[in-house]
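Each ligand, and each atom within it, is numbered from 1 in the order the structure gives. Positions are given from 1, in the same order as the sequence printed here. What you are looking at is a predicted structure, and each value in this text was computed from that prediction instead of being measured.
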Amino acid sequence: MSKGKEKVQSTLVVVKPDGLKKSLTGNIITKLSEARLIIIAARVVKVSNELATEHYKQLKDKPFFPELISYIQGKHHNCERVMALVYQGPNAIEHVRSIAGSTNPEEADPTSIRGAYGRITTKGVYENVIHASSDEKESEREIKLWFKPEEIVVPLYPTLNTTKKTVHVLEWA
Ligand code: IDP
Ligand code: MG
């Protein structure tokens, strides 16, 4: 296969609350390392209703949407945090999606992350352990939603400098 056509891409990965609750973060990062990509940003996030709704806005008319929002907020697992990462490298989006596996964990390849660790709950939610961006438009939208420019170690998208008049910041006492 020619490497000439490979495009450097960035993609958002979110280890969902079931992944954290089941202590799968290490396994997931190890599995993703097969793709030979680099991690250019990472943070542990308590997902607000606003972030969850914006992240999944394309799915707002789906019957499972309310359950999906409470799932990503950790309400099903008593674990109100996720781990968000940005991976970068040649064909990153496709590589990560392939290692993640199909959306439906029962249909996912058993050697994929979702196939190995996911499940469908009795309420019908696909608890599929990780989120992975689906295409370049979505990855840019999602990365900008989850990360500020200074939280990413390489310049990814155009930025602008603004001066904020009153800024309230939380500092260590
Ligand atoms: P993706 O995560 O593979 O990109 P999307 O269609 O973007 O799949 O759906 C986002 C998330 O919503 C899925 O990862 C899964 O947790 C949940 N989901 C998607 N389709 C269904 C469904 O038919 N039933 C229940 N949950 C679903
Ligand atoms: Mg998707």
Between Lys31 and Glu34, is the salt bridge (charged side-chain N to carboxylate O under 4.0 Å, His left out) condition met? List the steps.
CA-CA 6 Å; Lys31 190 89 183 130; Glu34 288 169 15; 3.4 Å; yes

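For atom 13 (C) of ligand 1, the nearest non-hydrogen atom of the protein is Asn128 ND2, 3.5 Å. In terms of protein heavy atoms, atom 18 (N) of ligand 1 is closest to Phe64 CE1, 3.5 Å.
Listed by atom number, the atoms of ligand 1 under 4.0 Å from Gly124 heavy atoms are 24 (N), 25 (C). When each atom of ligand 1 is checked for a heavy atom of Lys16 under 4.0 Å away, the hits are 13 (C), 14 (O), 16 (O). The contact set between ligand 1 and Leu59, taken as ligand atoms under 4.0 Å from a residue heavy atom, comprises 9 (O), 10 (C). Shown in contact with Arg114 at under 4.0 Å from a heavy atom are these atoms of ligand 1, numbered in order with element: 1 (P), 2 (O), 3 (O), 14 (O).
An N or O contact shorter than 3.5 Å is missing between Ser134 and ligand 1 by distance. Inclusion of Tyr126 in the set of residues having an N or O under 3.5 Å from an N or O of ligand 1 is warranted. Of the polar atoms of Arg97, at least one N or O is found under 3.5 Å from an N or O of ligand 1, judged by distance alone.
The NE2 atom of His77 lies 10.5 Å from the OG atom of Ser70; values are rounded to the nearest 0.5 Å. Atoms CD1 and CD1, from Ile39 and Ile29 in turn, are 5.0 Å apart once rounded to the nearest 0.5 Å.
Residue-environment remark: NZ (Lys22) exceeds the threshold of 12 foreign heavy atoms within 6.0 Å. Within a 6.0 Å sphere centred on CD of Glu138, other residues, nucleotides and ligands contribute more than 12 heavy atoms. Within a 6.0 Å radius of CD in Glu50, no more than 12 heavy atoms belonging to other residues, nucleotides or ligands are found.
The nearest non-hydrogen atom to atom 3 (O) of ligand 1, considering only Val14, Thr103, Leu68, comes from Thr103.
No side-chain donor from either of Lys7 and Asn91 sits under 3.5 Å from a side-chain acceptor of the other.
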